[in-house]
Structures are given as structure tokens and as C-alpha cells.
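Data block below; observations after.
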Amino acid sequence: MDELIKIKVEESVFFLKKGTPLSEVLSELPSPQKPILFKSEGQLLDLSFPADRERELSLVFAGDPQALEVLRHSASHLLAHAVTELFPEVQVGMGPAVENGYYYDFLRDRAFTPEDLEAIEKKMREIATQDLPIERLVLPKEEAVKIFSEKNQKLKVELIEEKGGAEVTCYRQGNFIDFCLGPHLPSTGLIKHFKLLSVSGAYWKGDERGPQLQRIYGTAFFSEKELQDYLNFLEEAKKRDHRRLGPELELFSTHEELGGGLVIWHPKGAIIRHEIEAFWKEEHLKDGYDFIYSPHIAKLDLWKRSGHTEFYDAMFPPLEFEGFKYQLKPMNCPFHIMAYKSRQRSYRELPLRWAELGTVYRYERSGVLHGLLRVRGFTQDDAHIFCRDDQLEAEIKGVIRLATKLLAAFGFESYQVYLATRPEKYVGKLEDWNKAEQALEEALKASGLPYQIDEGEGVFYGPKIDIKIKDAIGRLWQCTTVQLDFNLAERFDLTYVGEDGHFHRPFLIHRALLGSMERFFGVLIEHYKGNFPLWLAPVQIIILPIADRHEAYAREIQTRLRAEGFRVQVDDSREKVNKKIREAEVQKIPLIAVVGDKEISNQSVSLRIHGLGDRGQISLEALIQQVKTLIQNKSLEIKF
RNA sequence: GCCAGCGUAGCUCAGACGGCAGAGCAGCUGAUUCGUAAUCAGCGGGUCGGAGGUUCGAUUCCUCUCGCUGGCUCCA
């Protein structure tokens, strides 16, 4: 006798024979629009999912953001389908949906060319137009293995052997079948707005010893507008690329002669860095930090004691002289620890907050270097806090407050915060871990920032908080990190004498707020699109004399404005005003002061604001006052 | 480090069965003295990323190498 299963959909109740597709209920529902998925207990299910037990279903329609991942996953199958049609010899790997789209990995002896991608995309459209039903199949493992073996899909067979239970789920559309948990859209016709983006290498199962596959990336959306918006976003990101803007605006350069990942800050970049650092120092002093300077190398033995030689693989090879080996520093911590250990410490002097803009060197593999964002020599805005356990929470709160204060000054006010907790392998006492995790979480709660917990994702030496900032076009960048370190405290046997006259182990907090000057600068360039706010702009005001006879007046104003501490230039080239203005706009100089006969006669300038155009005449005094205010307030916008 | 793509003037890019290497912008010089996004003219500028090989001849074909790009991997 067939068992009947109770299925509740919206307000209606149905009874289905066990194993019949849930989609049966749809014929009875007066829904004007056909759903593409069901949702049950927070989980998305195929329309054809068999009735297995009592369920309450809701309907998910095309366009629903929850279904986007499914759309993209189905699009990845469509991609694999097209590839196997066009290149039957290709073996398919894995093809999930990812953050902004999807990819699929293929094993093929030749590389896919851009022409191949075009052909594949065309084939995908063809298959989509056929509107093939996407069927969910549950097969005994042996049968699935047999099917994929016959198709000579060895990678898939490997996956099934590895991951499949007694029964495995597969999805089929036309001649294409894939081992996959799903869920998927009911048919290929629903995949309408998609595009292939790029092809790159990827290792099978991420193992660099394994075979190298070719990964084709694509994206898909429910509407053409969303797809176009995303493609526009990619274009916009290209326009902001700091690797283009940096050299163009003469902020920094890199050179083959110097080596990869090594950056030279040009005067215009250096002045921005100076402003950032000055602000950073000022805020740190206000928060009770002291500064430290430390050398760039130290004896290798120091790094042995810290454990870096053992656990850290990004160190440059050591240098050797006078019978000793020296190590270029990848971190600042051991130096700060040495300073701490230079004498006995009392509980009365804790917390110690020691900050350093410390330049470190890391051997990053050549393939990962990327503009300013991933380099080999960089300056961390580092600090180490040594504190007692009763101070831990307050210290972390202080760090978070300082971090968000600094970031907000640059216009970063939207964050994603992660608390990473104890991993399986860890050093230190469980009791300390618990105390630290609790302090971190309490501090986060007090900060009012929404956060998520990455269970077990902490580093082996301590739990941490990471803060990612959201830039002007919504991209996330990791900057702030606050980490407890039980390892170094232990290895260097850090102690302080407590009120009880006994030795105690201090907590060691390692933190960087902006991350590194290089990386933060790269992010800033992209965030501002090169249009730095007035307080950071390398040239804040450019004065454009209309004709030669106005040059003396221009120089006079320049002197006057420089005396106020403003960064001012005069364009004395013998060009027309139009050309000078264009030049200044291209250079993204915030304020342009045009001076001619009129301005001389009433001691004024004609002001033009970058991007906003001519604002008319303004007296010299008013200009000075307003610029002063804008700089002092670190205003992100220029208003007159 | 691995896979793939790309390296031609400072920048953006043309180019060529393997046969003296081009444009625009920038730079320099001169003329123009001008009112809100490019005045005109002239000139200079290249081991065609580097090394080796094939060839009578290589920037072009081959090998190696360096750098960059997209990913992978790594990320104390």
C-alpha cells in the first residue's frame, strides 16, 4: 500500500504518494506565475524533488535572490554541457556557483582560446533555447560509476567514488549528465542572461601536485539589466584600478629592475602617505599608544625562538655574515617582545600599547603579487598590546573603536566583521582561549557592529577579529585584524609581576588597523577613484594665470596659500586656460583657481572645483578660511 | 611556484611571406598672451623585455629567461 505524505503549500494541504514529485501540487495551485524551486525548512528543493516526508513548502520564483545561486549553478552545468558537445574529449571536473557567478573546471590538453569561449557561449545559448528539462536522478552508486565510466569521465568517477553514498544524485539535461547534489532549475530555458568572462588555470581539488585543469568563469542573472549592471561594475572597477591610476597620477611606480612586489612611492604618493601616517600617529597618541622603531633584520635565532622558521613559510632566505645568520623581518612582533623583555614588568605598568609603522618583507610567490595589494616589502600599521586578563576586554574595545574611527575618516563606514575561534590544532591553554574568545565577543557586542563567527577558523596561536571594509563600489577589503597570541607569549616566556608578587603571563594582542600602508593606499586609490579628499590631495590647489602678466599675482597667492600650509602649484606653462584647466582636471586636483585681470583688481580668484566646474569668484580670505576648515575636518566632500 | 595570455617610443596602440620600425598623446624648441576640459609649427625619441638558436638576414620562427595580467595555490 502506498504511503501518503502530507504537503502543505501556502494555505493548501495536499497528500502525495511517497516518491511522487512535489511539482504535482502545482497543478492544483492557482498561481499566476510558475515557480522554479520549492523552499522547505530553509532549504531549496527541486520542483521534481520526491515527496519523502511531511513538509511545508513555499514557492520560489525566478528573480528571487535566494535562487540566484541555483541559477548560476545550473548555468555552470549549461557551460559543461556546451563544452562536452563541442569538445567531446574533454573531461569535466567541478562546477559550483561562486560569489559573482560560477565556474567549471575542465581537463583538456589544449588551452581554451577566446574564440573557444565565444563558441561555447553560443552553444550555451542554443541549449538554453531548447529549454531542455533538467531532471534529478537518484541512482545506485555502481550505476552512476558505470554511466560516467562509459563516457570516459574519469574525474567524475573519482568524485563519485569519493563522495557518493550507496545512492548518488545526478542531474540530466539532454545528453549531458552530471554528478551533483543540486538543486537546479527545472529547465535550461530559464537561463537567459549569462556571459562567460575568463579562463584560467586551477588545480584538481586545489592540490598543486594534482593535474592542472582549465577553469572557465562566467556569470548569470535573472534579468538582462542585472547582468548589464554587473558588467558595468566590472568596467567601473577597471577604471578605478590603482595599477593604472597610480602611475598615471604619479603616486608610485614599480620596476622590473627593482624586482616584483617592491614599490617606490613618488612625491605625490609619499605626501598622501605622510598625511595618513601623521593622522595615524596623532590618533594613536590620543589613545595612549607609545611608538617603537625596530631594525629590518635580526639574527636568525630570534626567528627560531619565535617559531617563525618553523611555521612561517613566507620568509626570505637568511643573510650570512661574521659567522651569524640574519633574517629579513617578516613581522615586527619579536622586536616589540624584546623591548618588553628588556626589564622586569609590573602589573602596574600594564597595559602597554606599542605601535610601529614597521616595514616587513615577505617572500610572496611571484604569481600572487598584485599591484599594491600584494607586495613583498610593506609597512604594517602594527601594534602590540601587553595586558592583564582583567584588561583584555577593554583593550579590544579600544582597538575596535580606534580602527573604526580611523577607517571612518577615509569614508569607510560599512564593515563586515568576523570573529574566528579556536581551531582543532592550537597552542596555549584552553582556559585562556575561552577567556580571550569571550573578551573578543563582548567587545564586538559593545561596539554595536554586526559580526559573524567563523567557528574553528582562528589561527593556531589565538582567536582573532578581522574587519573588512566596503569601498565606494561595494567591494570588500580586509584591513583590520586583531589577534591574540598565546604562542609568542609562551615562547618568549613573557611575564609581569602581579599584585601578589608572583609572575604572571600577560596577554599579547597583535593588531593592524589599516593593514599595511601599501595595501591601504591601493584600496584608497580605488575607493576615491584617484579623487583624493582635500586633506590628502597631493596638490590641493592649482593656480592658473590666464596670461603672462598674471603670473606675478599667481605667485603672490601661492606664497600666501603655502604659508597657510596648503599644497599649491602654479601652472605657468604658456598654454591657453582651456588647456590648463583640462590638465588640472585630468590630474584630479581638487581646487582650481583661475586668475586674470578681474581677480587682480579685487584680490580674488575664480574658483573651480574638480568635477563640479566653475564656482565663480571668491575672495582670497574666504578661500583660505574654507580650505582650512575643509582640511581640518578632513572633509570628504568639497563645499563652498 | 603552476596553467594560460601579453611584453613594439615615457603612455595608448598600429605594423610586417623573415628584408632600413609607425601614429596619437606626452617631451623639447619656437610662435601665439589667450576667461573655464586639448592653439599652431618644428624637433628629438626604439638593441621591438633579455639571452641563446635556426637563417644570407630575426622585432617577426624556435628554446630558455625576466616582467606583467587572469586565476590556482599560499596567506603568522
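Below, chain A is the first sequence line, B the second, and so on; all start at residue 1. Scope of the values below: all heavy atoms of this structure, side chains included, with no hydrogens, waters or symmetry mates.
- Side-chain N/O atoms of A:Gln617 and A:Ser606 include no donor and acceptor closer than 3.5 Å.
- Nucleotide B:C40 is shown with an anti base, its glycosidic torsion being more than 90° from 0.
- If you look at A:Tyr361 and A:His296, their ring centroids are closer than 6.0 Å.
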Please tabulate the protein-to-nucleotide N/O contacts below 3.5 Å involving nucleotides 3-10 of chain B, giving atom names and distances.
residue, atom, partner, partner atom, Å
B:C3, O4', A:Gln212, OE1, 2.9
B:C3, O4', A:Gln212, NE2, 3.3
B:C3, O2, A:Gly201, N, 3.3

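- Out of B:G71, B:G1, B:G35, the shortest distance to the side chain of A:Asp597 is found at B:G35.
- For A:Thr219 and A:Asn100, the side-chain atoms include no donor-acceptor pair closer than 3.5 Å.
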Annotated protein contacts, base or backbone, on nucleotides 36-45 of chain B with a non-hydrogen cut-off under 4.0 Å, one of B, S, - each: BBBB------
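- A:Lys464 and A:Asp466 are joined by a salt bridge, as a carboxylate oxygen and a charged side-chain nitrogen come within less than 4.0 angstrom of each other.
- Residues satisfying the salt bridge (Lys or Arg N to Asp or Glu O under 4.0 Å) test with A:Glu437, not counting sequence neighbours, are none.
- Annotation: B:U39 and B:A51 have their P atoms spaced 42 Å apart (nearest Å).
- Between B:C17 and B:C13, the two C1' atoms lie 24 Å apart (nearest whole Å).
- Between the C1' atom of B:U73 and the CH2 atom of A:Trp204 lies a distance of 16 Å, rounded to the nearest Å.
- Taking a 4.0 Å limit (strictly below) on heavy-atom distances, residues 240-252 of chain A reaches RNA chain B at A:Arg243.
- With both ends at atom C1', the span from B:G46 to B:C20 equals 14 Å, rounded to whole Å.
- Distance CZ (A:Phe460) to P (B:C75): 12 Å, rounded to an integer number of Å.
- Atom NZ in A:Lys580 sits roughly 12 Å away from atom P in B:G35 (whole-Å rounding).
- For the pair A:Arg505 and A:Glu490, the salt-bridge criterion is met [side-chain N within less than 4.0 Å of a carboxylate O].
- Comparing the C1' positions of B:U32 and B:U12 gives an interatomic distance of 29 Å, to the nearest angstrom.
- The A:Arg549 side chain lies nearest to B:C34 when the options are B:G35, B:C34, B:C74.
- Annotation: B:G45 and B:U8 have their C1' atoms spaced 14 Å apart (nearest Å).
- Partner of A:Asn332 under the side-chain hydrogen bond (donor to acceptor under 3.5 Å, both in side chains) criterion, out of A:Gln380, A:His384, A:His510: A:Gln380 alone.
- Salt bridge annotation for A:Arg240-A:Glu236: present, with a cationic side-chain nitrogen under 4.0 angstrom from a carboxylate oxygen.
- Side chain to side chain, A:Thr480 and A:Lys468 fail the donor-acceptor criterion of an N or O pair below 3.5 Å.
- The ring of A:Phe386 has its center closer than 6.0 angstrom to the ring center of A:Trp354.
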Pair pattern of RNA chain B in dot-bracket, where unpaired bases get dots and | marks partners in another strand, Watson-Crick or G-U under 3.5 angstrom: (((((((..((((.....[..)))).(((((.......))))).....(((((..]....))))))))))))....
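- When all heavy atoms of A:Gly246 and A:Phe252 are compared, the closest pair comes out as CA-CE2, 3.4 Å.
- With sequence neighbours excluded, no residue forms a side-chain hydrogen bond (donor to acceptor under 3.5 Å, both in side chains) with A:Asp301.
- Residues A:Glu526 and A:His242 have side chains that bring a donor and an acceptor to within less than 3.5 angstrom of each other.
- The base of B:G1 lies close enough to the side chain of A:Tyr203 for a donor and an acceptor atom to sit less than 3.5 Å apart.
- When all heavy atoms of A:Gly515 and A:Asp381 are compared, the pair lying nearest together is N-OD1, 2.9 Å.
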